[in-house]
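Beneath this line is the structure, given in structure tokens, with notes to follow.
Quantities reported herein were computed from a predicted structural model and do not represent experimental measurements. Lettering of chains follows the sequences in order, A, B, ..., and the numbering in each one begins at 1.
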2 protein chains.
Amino acid sequence: MIRDLLLGRSRFKDFLASPEGIPTNILSERLSRLLEHRVVTQVPATSGGRHLAYRLTKKGEALGAIILAMRDWGLVWEKGTRAGLVPMQVT
Amino acid sequence: MIRDLLLGRSRFKDFLASPEGIPTNILSERLSRLLEHRVVTQVPATSGGRHLAYRLTKKGEALGAIILAMRDWGLVWEKGTRAGLVPMQVT
DNA sequence: CGGTATCCACATTGATACTG
DNA sequence: CAGTATCAATGTGGATACCG
């Protein structure tokens with residue numbers, strides 16, 4: 001999920017669509033906790049629309065370093081680790 | 001515990017003595033799993049003695065990068081994070 | 001000292017149904 | 001679409017007692 005956010009995904013449905021197959025209740029609870037710890041914030045998904053999108057805060061973006069370190073470790077030391085995650089464009 | 005190993009601690013009792021206060025059964029089970037995944041290996045603690053010590057493998061040492069990334073994140077973003085961990089001397 | 005063996009408490013997960 | 005509400009299943013952790 002954090003990975004999804006780092007990849008630029010931001011909508012509830014995007015997270016649901018991820019290959020893990022997370023149930024809505026779990027996703028919802030996790031988002032609450034991330035909001036609580038200010039790792040993500042909510043922003044309007046579309047201008048004027050009623051739906052919300054989730055964006056990483058600076059604090060959340062900083063987690064990228066950890067995720068990348070884990071990814072690298074996996075690629076080097078664990079067979080079968082796939083490298084889907086590429087650092088996001090800072091556009 | 002990985003942190004302890006990175007700091008050069010290697011004995012069962014050393015891990016037990018850590019401030020977390022881990023019970024023997026949990027510690028034992030975790031060491032088994034780390035052995036299984038070849039993150040640690042067993043070596044004789046004293047030459048000739050019957051006791052064992054645990055040492056990180058290369059794979060295990062590589063986890064240091066992740067631990068440090070987490071430590072750094074904590075120091076920057078979470079108040080009250082203490083910085084006990086300093087990278088080990090490569091002697 | 002370095003573990004095993006029990007047993008219980010609690011947190012996390014997951015499936016599923018329902019709602020504004 | 002974006003959740004909330006239940007409930008059962010599983011995992012993980014912790015206390016404690018015991019053993020070679």
Side-chain angles (χ1 to χ4, degrees), chain A residues 1-57 60 63 66-67 70 73-74 78 80-82 84, chain B residues 1-57 60 63 66-67 70-71 73-74 78 80-82 84-85:
Chain A
M1 232 203 67
I2 299 281
R3 175 204 60 205
D4 285 340
L5 284 160
L6 287 166
L7 288 170
R9 287 176 198 127
S10 64
R11 298 284 298 275
F12 198 87
K13 62 167 170 150
D14 297 331
F15 306 139
L16 282 181
S18 276
E20 288 82 9
I22 190 172
T24 59
N25 56 346
I26 307 283
L27 175 56
S28 174
E29 187 231 346
R30 285 188 190 169
L31 285 169
S32 303
R33 279 156 65 174
L34 291 171
L35 284 165
E36 208 179 298
H37 291 280
R38 309 200 185 283
V39 170
V40 300
T41 34
Q42 293 174 323
V43 296
T46 60
S47 63
R50 60 199 167 80
H51 287 304
L52 293 169
Y54 295 87
R55 278 229 333 251
L56 290 171
T57 59
L63 288 172
I66 300 175
I67 309 273
M70 296 196 301
W73 184 88
E78 287 294 328
T81 302
R82 296 186 313 143
Chain B
M1 230 203 67
I2 299 281
R3 175 204 59 206
D4 285 341
L5 284 160
L6 287 167
L7 287 170
R9 285 174 200 128
S10 64
R11 298 284 297 276
F12 198 87
K13 61 166 172 155
D14 297 331
F15 306 140
L16 283 181
S18 277
E20 288 83 7
I22 190 172
T24 59
N25 58 345
I26 308 282
L27 174 56
S28 174
E29 187 230 347
R30 284 187 190 169
L31 284 170
S32 305
R33 278 156 65 174
L34 291 172
L35 284 167
E36 206 180 300
H37 291 281
R38 309 202 184 281
V39 170
V40 300
T41 35
Q42 293 174 324
V43 296
T46 61
S47 61
R50 60 197 167 81
H51 288 307
L52 294 169
Y54 296 87
R55 280 226 334 250
L56 290 171
T57 59
L63 288 172
I66 300 175
I67 309 271
M70 295 196 300
R71 186 202 67 156
W73 185 88
E78 285 295 326
T81 301
R82 295 186 313 143
L85 183 58

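Across all non-hydrogen atoms, the minimal contact from Phe15(A) to Arg9(A) is CE2-O, 3.8 Å. Considering all non-hydrogen atoms of both residues, Asp14(A) and Asp4(A) come closest at O-OD2, 4.5 Å. Residues Leu5(B) and Val40(B) approach most closely at CD1-CG1, 3.6 Å, considering heavy atoms. Across all their heavy atoms, Leu16(A) and Ile22(A) have their closest contact at CD2-O, 3.3 Å. The two residues Leu31(A) and Met1(A) have their closest heavy-atom pair at CD2-CE, 3.6 Å.
For the pair Ile26(B) CD1 and dC10(C) P, the interatomic distance rounds to 15 Å; values are reported in whole Å. Arg11(B) has its CZ atom 9 Å from the P atom of dG3(C), to the nearest Å. Regarding Phe15(B), its CZ atom lies at a distance of 10 Å from the P atom of dG2(C), rounded to whole Å. If you take CZ of Phe12(B) and P of dC1(C), they are 11 Å apart, rounded to a whole angstrom. The CG atom of Leu27(A) sits 13 Å away from the C1' atom of dT13(C) (whole-angstrom rounding). If you measure from atom CG of Leu16(B) to atom P of dG3(C), you get 10 Å, rounded to the nearest angstrom. Here dG2(C) presents its C1' atom at 8 Å from CZ of Arg50(B), a figure rounded to the nearest Å. Distance CG (Leu31(B)) to P (dG2(C)): 11 Å, rounded to an integer number of Å.
OP1 or OP2 of dT13(C) sits under 4.0 Å from a side-chain N or O of Arg30(A). Under 4.0 angstrom from either OP1 or OP2 of dT4(C) there lies at least one side-chain N or O belonging to Ser28(B).
Comparing His51(A) and Ile22(A) by the nucleotide of DNA chain C whose heavy atom lies nearest to each, the residue mapping closer to the 5' end is Ile22(A). Taking for each of Lys13(A) and Glu20(B) the nucleotide of DNA chain D with the nearest heavy atom, the 5'-most of the two is the partner of Lys13(A).
Within residues 35-42 of chain A, no residue has any heavy atom under 4.0 Å from DNA chain D.
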| message | Using side-chain contact (heavy atoms from CB on, under 4.5 Å), reason through Glu20(B) and Arg3(B) one step at a time and then give a plain yes or no. | response | CA-CA 12 Å; Glu20(B) 288 83 7; Arg3(B) 175 204 59 206; 3.0 Å; yes

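Interatomic distance, CZ of Arg71(B) versus CD1 of Ile66(B), reported as 15.0 Å (0.5 Å rounding). Considering CE of Met70(A) and CG of Leu63(B), their distance stands at 11.0 Å, rounded to 0.5 Å. A distance of 5.5 Å separates CZ in Phe12(A) from OG1 in Thr24(A), rounded to the nearest 0.5 Å. Rounded to the nearest 0.5 Å, atoms OG (Ser28(B)) and CZ (Arg33(B)) are 11.5 Å apart. Separation of atoms CG (Leu35(B)) and CZ (Arg30(B)) is listed at 14.5 Å; rounding is to 0.5 Å. To the nearest 0.5 angstrom, Leu7(B) atom CG is 11.5 Å from Ile2(B) atom CD1.
Chain B approaches DNA chain D over the interval dG13(D) to dA17(D), counting the first and last nucleotide 5' to 3' with an atom under 4.0 Å from its heavy atoms.
Counting any heavy atom pair closer than 4.0 Å across all strands shown, Tyr54(A) reaches sugar-phosphate atoms only and no base atom.
Note that the two end axes of the helix from dC1(C)-dG20(D) to dG20(C)-dC1(D) enclose an angle of 40°, each drawn from 5 base pairs, rounded to 10 degrees.
Here the side chain of Asn25(A) is nearest to one of dG20(C), dG3(C), dT16(C), namely dT16(C).
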